[in-house]
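For reference, the structure is listed below as structure tokens.
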Amino acid sequence: MIREYLPVLLQIIVAVGFAAAVLIVSVIVGKSGRRTRVKDTAYECGMVPQGEAQPRFGVKFYLVAMLFILFDLEIVFMYPWAVVYKETIGHSTLILWSMLSFISILMVGYVYALKKGALDWKK
Amino acid sequence: MSPFLFWIFAGLMLVFGAGVVLNRNPVASALSLVVSFLGLAALFMSLDAYFIGIIQVLVYAGAVMVLFLFIIMLLDLRAEKLRKINWLASAGGIAVAVALSVQILYVIGNFRFSQQPFPPLARSTVDDVHHVGSLLFENYNLPFQIIGVLVLVATIGVVVLSKRELR
């Protein structure tokens, strides 16, 4: 059982090892310059920077993220659906229609968001 | 699942959970929370609850953490950096936490059923995603559609609340 997860472990080891190796090699091989206060300020095309290094984002991003979560939830229900679909469809087509109806209910929300301009970036 | 793996993932969760609280940088806290969620997903999978494990990764570590990161971007990060640690308050908090865990340990220690080992998990030939799927689409079709309506309501609520002027 656990043996089946060996490829996952290997992949994690390779990913972490690669990231660590790149960091360590860049520290060993690279030359680090002297750090001064001026060097640590944000680069602003030669001008004195104004405001903060991390500007605050518009709430528009948040709207997109929340819509993403809602449609992500829809996808979660498709996992068990896809798993049982093949054996269930043989004796009844209910499973197909129930998922179609589920998607069409959510499609109403998608069309609403589109029509209300929630996904328009420019405005 | 060997207890060895359980201790690894439980330890990982605890270390990164502490990292969430102790980090002064909110982005680092959020990323620690992601690792903590991944450890939780591994624990779920070790209990043969693959579906919950996958959802833990997909919805919590993926989608909800994206929301957390967006909230952090909306906030003013300087206020958090300037905040001083109130030692008296943290000492009080630690005292309350320790008292609570001592109480819980005491209750569990005196509880008769807690001394018996758990019966082993019933081995099933089909995986849990299968169970969820067949139950959801055969016995609980109407609740499934109602979930769809619920998500639809949430979608409309999001659009109404966060769009300044509706078209």
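First the proteins, then the strands, lettered A, B, ... as listed; each starts at 1.
At a 4.5 Å heavy-atom cutoff, the contact between Ile147(B) and chain A is made by backbone and side-chain atoms alike. Both the backbone and the side chain of Val64(B) come within less than 4.5 Å of a heavy atom of chain A. Both the backbone and the side chain of Phe77(A) have a heavy atom closer than 4.5 Å to some heavy atom of chain B. If you measure heavy-atom distances from Phe144(B) to chain A, the contacts under 4.5 Å come from both the backbone and the side chain. Ile55(B) touches chain A through its side chain: at least one heavy atom from C-beta onward sits under 4.5 Å away, while N, CA, C and O do not. For Leu136(B), the part sitting under 4.5 Å from any heavy atom of chain A is the side chain, from C-beta outward, and nothing else. Heavy atoms of Glu74(A) lying under 4.5 Å from chain B are absent altogether.
Clustering ILVMFWY residues whenever any of their side-chain heavy atoms sit less than 4.5 angstrom apart, transitively, puts Leu10(A) in a cluster other than the one holding Ile12(A). A continuous path of Ile, Leu, Val, Met, Phe, Trp and Tyr side chains, each step under 4.5 Å between heavy atoms, connects Ile75(A) with Phe37(B), placing both in one hydrophobic cluster. Placement of Met107(A) and Val159(B) within a single hydrophobic cluster is found when ILVMFWY residues are connected by side-chain heavy-atom separations under 4.5 Å, directly or transitively. Note on Trp97(A) and Val108(A): same hydrophobic cluster, where clusters join Ile, Leu, Val, Met, Phe, Trp and Tyr whose side-chain heavy atoms are under 4.5 Å apart, directly or indirectly. Residue Leu114(A) is grouped with residue Leu70(A) when hydrophobic side chains (ILVMFWY) are merged at heavy-atom distances under 4.5 angstrom, including chains of intermediate members.
Here the shortest heavy-atom pairing between Leu106(A) and Gly148(B) reads CD2-O, 3.7 Å. Between Val84(A) and Ser134(B), the shortest heavy-atom contact is CG1-N, 3.6 Å. Heavy-atom minimum distance, Leu73(A) versus Val59(B): CD2-CG2, 4.4 Å. Minimum interatomic distance between Gly133(B) and Pro80(A) (heavy atoms only, all atoms of both residues): CA-CB, 3.5 Å.
Heavy-atom contacts from other residues, nucleotides or ligands closer than 6.0 Å to CZ of Phe71(A) number more than 12.
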Going through the checks in order, is the side-chain contact (heavy atoms from CB on, under 4.5 Å) test met by Ile71(B) and Tyr62(A)?
-> CA-CA 8 Å; Ile71(B) 292 174; Tyr62(A) 198 67; 3.5 Å; yes
Tell me, with the steps shown, if Phe70(B) and Met66(A) meet side-chain contact (heavy atoms from CB on, under 4.5 Å).
-> CA-CA 10 Å; Phe70(B) 274 118; Met66(A) 281 195 286; over 6 Å; no
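Residue Ile105(A) is tested with Val149(B), Val151(B), Leu150(B) for a side chain to side chain contact (heavy atoms under 4.5 Å, CB included); the sole match is Val149(B).
A 4.5 Å side-chain heavy-atom check between Asn141(B) and Phe102(A) finds every atom pair outside the cut-off. Using a 4.5 Å heavy-atom cutoff, the side chains of Thr155(B) and Tyr112(A) are not in contact. The shortest side-chain heavy-atom distance between Phe137(B) and Thr88(A) does not fall under the 4.5 Å cut-off.
Residue-level contacts of residues 91-105 of chain B with chain A do not occur; threshold 4.5 Å between heavy atoms.
Of the inter-residue distances, the one linking Gln145(B) atom CD with Ser104(A) atom OG reads 8.0 Å to the nearest 0.5 angstrom.
Between chain B and the residues Val83(A), Leu67(A), Ile69(A), the largest count of heavy-atom pairs under 4.5 Å involves Ile69(A). When Val129(B), Leu67(B), Val66(B) are compared by the number of non-hydrogen pairs under 4.5 Å with chain A, Leu67(B) comes out ahead.
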